[in-house]
There are 2 protein chains.
Amino acid sequence: MLVNWRIIGSMETMNHKPDYEKELRDAGIRITRPRRVILDILSGTEDHPDAMEIFRRAVSVDSSISLSTVYRTMKLLEERGAIHRHAFNGGPSRFEQASGVHHDHLIDIETGDVVEFRSDRIEKLQEEIARSLGYDIVHHRLELYGRKRKKA
Amino acid sequence: MLVNWRIIGSMETMNHKPDYEKELRDAGIRITRPRRVILDILSGTEDHPDAMEIFRRAVSVDSSISLSTVYRTMKLLEERGAIHRHAFNGGPSRFEQASGVHHDHLIDIETGDVVEFRSDRIEKLQEEIARSLGYDIVHHRLELYGRKRKKA
DNA sequence: GCGCCAGTTGACAAGCATTTGCAAAATTTT
DNA sequence: AAAATTTTGCAAATGCTTGTCAACTGGCGC
């Protein structure tokens with residue numbers, strides 16, 4: 001059974017290093033044990049956890065990790081553009097790995113679930129509006145808050 | 001000169017009570033001295049001040065007003081829909097009087113200035129997107145962060 | 001106009017999310 | 001593997017906001 005664990009294990013437990021580790025290392029960021037744990041959590045999730053939730057998940061992997069380190073790592077990764085920070089509803093910051101394509105968010109006001117979407121037409125309109133106001137857009141934030149439609 | 005002061009004075013110093021006072025009173029909200037001061041500040045400004053800034057302006061009118069009261073009043077007015085709360089860039093909440101028409105915001109990342117705008121086409125697209133994802137929009141938040149375009 | 005009393009206030013403590021100071025521990029450099 | 005440097009865990013500190021509570025007051029009823 002020396003072979004099967006690789007197949008059975010999750011992506012995170014497999015021993016080929018994710019490419020983002022190399023990228024970060026090349027950017028002058030040390031890949032320490034706490035950071036690797038946090039990066040694995042972020043890359044292996046579909047949701048948008050906040051610092052406390054990341055901390056909880058991290059502790060279950062390595063109980064010595066501190067909340068401070070989670071916050072420090074989030075700030076570091078955000079500065080490097082590796083993750084995005086959101087404050088839906090003015091609540092605590094929630095994070096997501098910065099994947100290639102930009103997208104906006106639809107937040108279910110009943111469950112807190114987040115659905116990602118993207119609209120080139122809206123993006124285009126935003127550019128036009130900013131331009132007409134004499135500005136260049138550096139970034140933007142579009143959040144739709146809604147509830148799941150009952151029935152059809 | 002018993003006549004001219006009315007013309008020269010600002011809207012806030014003129015003695016006809018603003019109609020929003022009556023509206024709030026009818027909604028069961030007592031118009032106290034601190035609240036009147038705060039309401040006057042909100043109705044008389046074009047910008048989007050945060051609690052501390054409102055507090056500073058209020059104190060200059062009535063030095064006995066406390067910061068607690070500013071926060072309490074903002075929460076009250078927000079619940080009643082009389083004002084809107086924004087947390088641009090994840091910073092402290094900034095407030096604006098709820099005027100009739102909905103609008104979105106363009107924030108100057110260099111000065112913090114806020115420009116209001118409105119696009120029916122974007123609103124329409126948002127509805128379409130939410131609908132296609134199976135949701136009804138309850139509210140939304142669109143913030144453009146940009147910098148003033150140099151030259152033409 | 002005057003008193004009553006629930007609603008409101010100011011002062012200050014407490015709460016929550018996040019940041020920071022610091023000595024110890026881990027990592028990279030030499 | 002020792003030196004140089006960064007990162008960590010812990011605890012204390014911060015910034016914004018809400019809660020507590022005795023004192024005060026707006027607005028109705030007389």
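The sequence lines fix the lettering, A, B, ..., with proteins before strands; numbering per chain opens at 1.
For the pair B:Thr69 and B:Thr32, the minimum side-chain heavy-atom distance is 4.5 Å or more. Taking the side chain as every heavy atom from C-beta outward, B:Asp108 and B:Val115 never approach each other to under 4.5 Å. Residues A:Arg57 and A:Val61 fail the side-chain proximity criterion, which asks for heavy atoms closer than 4.5 Å. Annotation: side chain of A:Glu96 is in contact with side chain of A:His105 (closest heavy-atom distance under 4.5 Å).
What separates CD1 of A:Ile29 from P of D:dT8 is a distance of 11 Å, to the nearest Å. Nucleotide D:dC16 holds its C1' atom 14 Å from the CZ atom of B:Phe55, rounded to whole Å. A:Ile65 places its CD1 atom 15 Å from the P atom of D:dT7, with the value rounded to the nearest Å. When the C1' atom of C:dT9 is taken as reference, atom CD1 of B:Ile38 falls 11 Å away, rounded to whole Å. We find that CG of B:Asn89 is positioned 16 Å from C1' of D:dC16, with the value rounded to whole Å. C:dT8 atom C1' lies 14 Å from atom CG of B:Leu77, rounded to whole Å. Here D:dT7 presents its P atom at 17 Å from CG of A:Asp62, a figure rounded to the nearest Å.
Taking 4.0 angstrom as the limit, B:Arg35 places a side-chain polar atom (N or O) nearer than this to OP1 or OP2 of C:dT9.
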Next item on the list: Determine, for nucleotides 17-30 of chain C in 5'-to-3' order, which nucleotides have protein heavy atoms under 4.0 Å from the base (write B), from only the sugar-phosphate (write S), or from neither (write -).
Entry: SBBBB-----BS--
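Only one option out of B:His84, B:His139, B:His140 pairs with B:His102 in a ring-ring contact (aromatic ring centres under 6.0 Å, His included); it is B:His140.
The pair A:Glu53-A:Arg56 meets the salt-bridge criterion, with a side-chain N (NZ, NE, NH1 or NH2) lying under 4.0 Å from an Asp/Glu carboxylate O.
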